[in-house]
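Proteins come first, then strands; the chains are lettered A, B, ... in the order of their sequence lines, and each starts at number 1. Keep in mind the model is a prediction, meaning the values are calculated, not measured.
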Amino acid sequence: MAIRFYNTLTRAKEDFAPLAPGEVRMYTCGPTVYNFAHIGNFRAYIFEDLLRRHLKYRGFKVTQIMNLTDVEDKVIRACRETGEPRESLTKRYIAAFFEDLDTLGIERAEQYPAATDYVPEMVALIKTLRERGHTYEHRGSIYFKLDTFPQYGRLSHFRIEDLKDGASGRVDLDEYDPESAKDFALWKAYVPEDGDIYWETELGKGRPGWHIECSAMSMKLLGESFDIHTGGEDNMFPHHENEIAQSEAATGKPFVRYWLHCRHLMVEGRKMSKSLGNFHTLRDLVERGYNPMAIRWVLIATHYRQPNNFSFDALEAANESLQRIQDFRRRLADVRGSGSDLREEMAACETAFGSALDDDLNVSAGLAAVFNFIRDTNKLIDEDAISKAGAAGALALLDRLHSVTGLFAGAKDDAVPDEIQQLVLERQKARRAKNFAQADAIREHLTAAGWIVEDTPDGPRVKRALERVI
RNA sequence: GGCGGCAUAGCCAAAUGGUAAGGCAGAGGCCUGCAAAGCCUUGUAUUCCCGGUUCAAGUCCGGGUGCCGCCUCCA
């Protein structure tokens with residue numbers, strides 16, 4: 001069955017076929033590096049991670065580009081307020097961003113171009129637009145003239161005349177320069193507030209507008225037409241709409257074939273906001289002792305086009321689910337007997353999982369397939385009806401599905417320290433002597449140290465308790 | 001004011017118009033010295049409310065209610 005994606009452009013699920021067979025070129029809108037990213041940002045990055053991983057799982061060669069916006073109003077404001085030079089400020093937050101990606105097990109894109117490294121490309125693109133009559137100048141800034149691009153609004157399904165100037169409250173219309181508030185800046189003339197953040201170019205002294213970087217970098221690195229472009233739903237308008245206008249007006253070619261947008265994250269049923277006190281950066285949660293993989297689970301387990309309700313109850317549930325998977329892996333690793341090689345069960349699981357993901361990344365249905373497999377296989381393990389090869393195959397299956405979801409890894413640190421092992425042995429001795437009081441005391445001691453003992457027919461098994469809330 | 005989306009059990013969350021997956025939590029049981037893990041059983045689910053279409057509606061249509069996103073630089 002074909003892979004299908006919901007394309008914002010057509011508002012329908014479409015069969016996916018890349019321009020070049022076997023190769024997918026995708027551009028995923030990245031962070032503005034003026035602050036630590038919050039978990040809402042990471043919902044988008046994890047959705048994009050799932051997308052690239054599933055495409056790879058399906059055999060595509062993936063080239064993913066994610067931009068780093070290191071010059072933009074908020075960056076400049078942060079520099080002005082802190083007095084820190086732009087270079088060092090953005091460098092710090094870029095480093096933090098990559099740390100966060102690692103924390104959540106997000107695979108690296110092929111390239112992370114920074115906007116400031118592509119100023120010449122942006123200038124060239126703006127010059128092309130100027131030559132083609134799509135721009136006008138106003139007080140040294142260069143704007144895109146929307147009425148030269150009649151297709152404007154095709155992605156967000158907005159009609160220009162329906163847009164209400166300033167309705168978002170973000171623009172002070174009295175101070176707004178262009179001929180129409182809907183025209184957007186390609187190049188912004190230098191103002192004193194910009195400090196030392198400017199470029200001397202053929203377009204004058206100033207800096208690029210926000211939207212132009214994505215057009216310039218994506219077309220430079222992926223070609224004038226490419227397969228997939230993603231972002232959060234808020235990027236649909238105006239950012240992506242403007243990218244389409246800039247790119248297609250400049251090249252005359254279709255810019256992007258599949259536009260995928262993910263819905264926002266809510267926290268405890270409300271929109272995440274500082275004033276509601278439910279605003280969380282990844283770092284906050286990790287510092288508070290939450291398991292990063294449980295965070296990944298919560299962020300990934302809801303279909304990307306559904307609003308995802310992040311809650312601490314859900315985080316706890318995700319932690320338990322991870323524990324269940326790790327226990328399952330441990331049981332498989334201990335299988336020694338003979339019996340079923342699980343061939344049919346594994347095929348059924350992987351088929352169900354794969355077709356769920358093929359269907360617009362329906363990860364919830366995919367997880368259900370995995371849990372069904374886990375339950376059925378656990379039953380067989382209880383009955384001692386699985387071969388060693390079958391258990392090894394099941395572990396290999398989990399590894400394959402892990403490559404898509406990043407959720408099915410084994411326990412990170414299975415090495416049991418000698419002193420813990422010693423206590424386990426002592427406890428076992430006490431149990432053999434029917435000295436259960438002592439055995440239980442040792443067990444409590446182990447639990448306090450973060451280790452859980454399970455008595456099995458093959459003897460005691462010790463595992464580390466998963467990280468959880470402190 | 002305009003455009004778009006969502007509402008499924010205590011929580012999280014799936015479901016080509018064909019009779020409501022899965023996870024977590026809770027309850028009972030098997031197993032266990034006791035646990036843990038695992039398994040079994042367990043949720044009358046009025047699928048937000050009111051109408052309608054249909055042999056059949058969580059799903060389609062209309063009207064409410066609530067929430068979310070966008071309307072110039074927020075994933």
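With C1' as the reference atom, B/G66 and B/C34 are 50 Å apart, rounded to whole Å. With both ends at atom P, the span from B/C31 to B/A36 equals 15 Å, rounded to whole Å. The gap from the C1' atom of B/C30 to that of B/A15 amounts to 33 Å, rounded to the nearest Å. Rounded to a whole angstrom, the distance from the C1' atom of B/U47 to that of B/G33 is 47 Å. Rounded to whole Å, the P atom of B/A35 lies 15 Å from the corresponding atom of B/G26. As rounded to the nearest Å, B/G69 and B/A56 have P atoms that lie 39 Å from one another. For the P atoms, the distance from B/C61 to B/A13 is 24 Å, rounded to whole Å. For the P atoms, the distance linking B/C48 with B/A37 amounts to 34 Å, nearest Å.
Looking at heavy-atom distances under 4.0 Å, A/L265 makes contact with a base. Nucleic acid contact class of A/E72 (heavy atoms, under 4.0 Å, all strands): sugar-phosphate only. Residue-level contact check: A/F237 touches the backbone only, with heavy atoms under 4.0 Å from sugar-phosphate atoms and none from bases. Nucleic acid contact for A/G40: base, since at least one base atom lies under 4.0 Å from a heavy atom of the residue.
Here the C1' atom of nucleotide B/A75 and the CG atom of A/N35 are 14 Å apart, to the nearest Å. What separates CE of A/M266 from P of B/A75 is a distance of 18 Å, to the nearest Å. Spacing between atom CZ of A/F436 and atom P of B/C34 amounts to 8 Å, rounded to whole angstrom units. Nucleotide B/A25 holds its P atom 10 Å from the CG atom of A/N319, rounded to whole Å. A/L260 has its CG atom 18 Å from the P atom of B/A75, to the nearest Å. To the nearest angstrom, C1' of B/G23 lies 16 Å from CG of A/L401. We find that CZ of A/F312 is positioned 19 Å from P of B/A25, with the value rounded to whole Å. One atom, NE2 of A/H240, and another, C1' of B/C71, lie 16 Å apart when rounded to the nearest Å.
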> Reading nucleotides 36-43 of chain B from the 5' end, what letters show protein touch, with B for base, S for backbone sugar-phosphate only, - for no heavy atom under 4.0 Å?
Replying inline: BSSSS---
> What string of B, S and - do you get for nucleotides 3-17 of chain B, 5' to 3', when a contact is any protein heavy atom under 4.0 Å?
Replying inline: B-SS----SSSSS--
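Among residues two or more places apart in sequence or in another chain, the ring pair (Phe, Tyr, Trp, His ring centres under 6.0 Å) test is passed with A/H264 by none. Listed by chain and number, the residues in a salt bridge (Lys or Arg N to Asp or Glu O under 4.0 Å) with A/D70 are A/R86 (sequence neighbours excluded). Residues forming a ring pair (Phe, Tyr, Trp, His ring centres under 6.0 Å) with A/Y258 (at least two apart in sequence, or on another chain): A/F16. The salt bridge (Lys or Arg N to Asp or Glu O under 4.0 Å) search around A/R263 returns A/E233, not counting sequence neighbours. Listed by chain and number, the residues in a salt bridge (Lys or Arg N to Asp or Glu O under 4.0 Å) with A/K271 amount to none (sequence neighbours excluded). Legend: residues meeting ring pair (Phe, Tyr, Trp, His ring centres under 6.0 Å) with A/Y93, ordered by chain and number and at least two apart, are A/F36. Listed by chain and number, the residues in a salt bridge (Lys or Arg N to Asp or Glu O under 4.0 Å) with A/R461 are A/D334, A/E454 (sequence neighbours excluded). Qualifying ring pair (Phe, Tyr, Trp, His ring centres under 6.0 Å) partners for A/Y304, counting only residues two or more places apart in sequence or in other chains: A/F47.
B/U54 is unpaired under the criterion used here, namely a Watson-Crick or G-U wobble arrangement in which both key atom distances are under 3.5 Å. Pair assignment for B/C39: B/G29, on the basis of Watson-Crick or G-U wobble contacts that are both within less than 3.5 Å. Nucleotide B/C70 has B/G2 as its partner under the Watson-Crick or G-U criteria, with both atom distances under 3.5 Å. Of all nucleotides present, none satisfies the Watson-Crick or G-U wobble test against B/A15 with each distance under 3.5 Å. Of the nucleotides present, none pairs with B/C34 by Watson-Crick or G-U wobble criteria with both distances under 3.5 Å. Shown here, B/C24 forms a base pair with B/G10; the pair counts as Watson-Crick or G-U wobble because both key distances fall under 3.5 Å. Base pairing of B/U47: no nucleotide in any strand meets the Watson-Crick or G-U wobble criterion (both distances under 3.5 Å).
Taking the side chain as every heavy atom from C-beta outward, A/Q64 and A/T28 approach each other to under 4.5 Å.
With distances taken from any side-chain atom of A/R427 to the nucleotides B/C34, B/A75, B/G22, the minimum falls on B/C34.
By the 30° and 60° cut-offs, the orientation of the rings of A/F373 relative to A/F328 is perpendicular.
From A/H229, atom NE2 reaches atom CH2 of A/W259 across 4.0 Å, with rounding to the nearest 0.5 Å.
Between A/E193 and A/R80, none of the side-chain N atoms (NZ, or NE/NH1/NH2) sits under 4.0 Å from a carboxylate O, so this pair counts as no salt bridge.
Under 4.0 angstrom from either OP1 or OP2 of B/C67 there lies no side-chain N or O belonging to A/K271.
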Please tabulate the protein-to-nucleotide N/O contacts below 3.5 Å involving nucleotides 28-30 of chain B, giving atom names and distances.
none

Donor-acceptor contacts, no H, no angles, side chain residues 96-107 of chain A, under 3.5 Å, sequence neighbours left out:
residue	atom	partner	partner atom	Å
A/E99	OE1	A/R283	NH2	3.0
A/D100	OD1	A/R283	NE	3.0
A/D100	OD1	A/R283	NH2	3.2
A/D100	OD2	A/R283	NE	3.4
A/D102	OD1	A/R108	NH2	3.0
A/D102	OD2	A/R108	NH2	3.1
A/T103	OG1	A/E99	O	3.0
A/E107	OE1	A/R52	NE	3.0
A/E107	OE1	A/R52	NH2	3.4
A/E107	OE1	A/K56	NZ	3.1

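Heavy-atom nearest nucleotides on RNA chain B were determined for A/F371 and for A/D440, and the one closer to the 5' end corresponds to A/F371.
For an aromatic pair to be called close, the ring centres must be under 6.0 Å apart, and A/F312 with A/H280 satisfies this.
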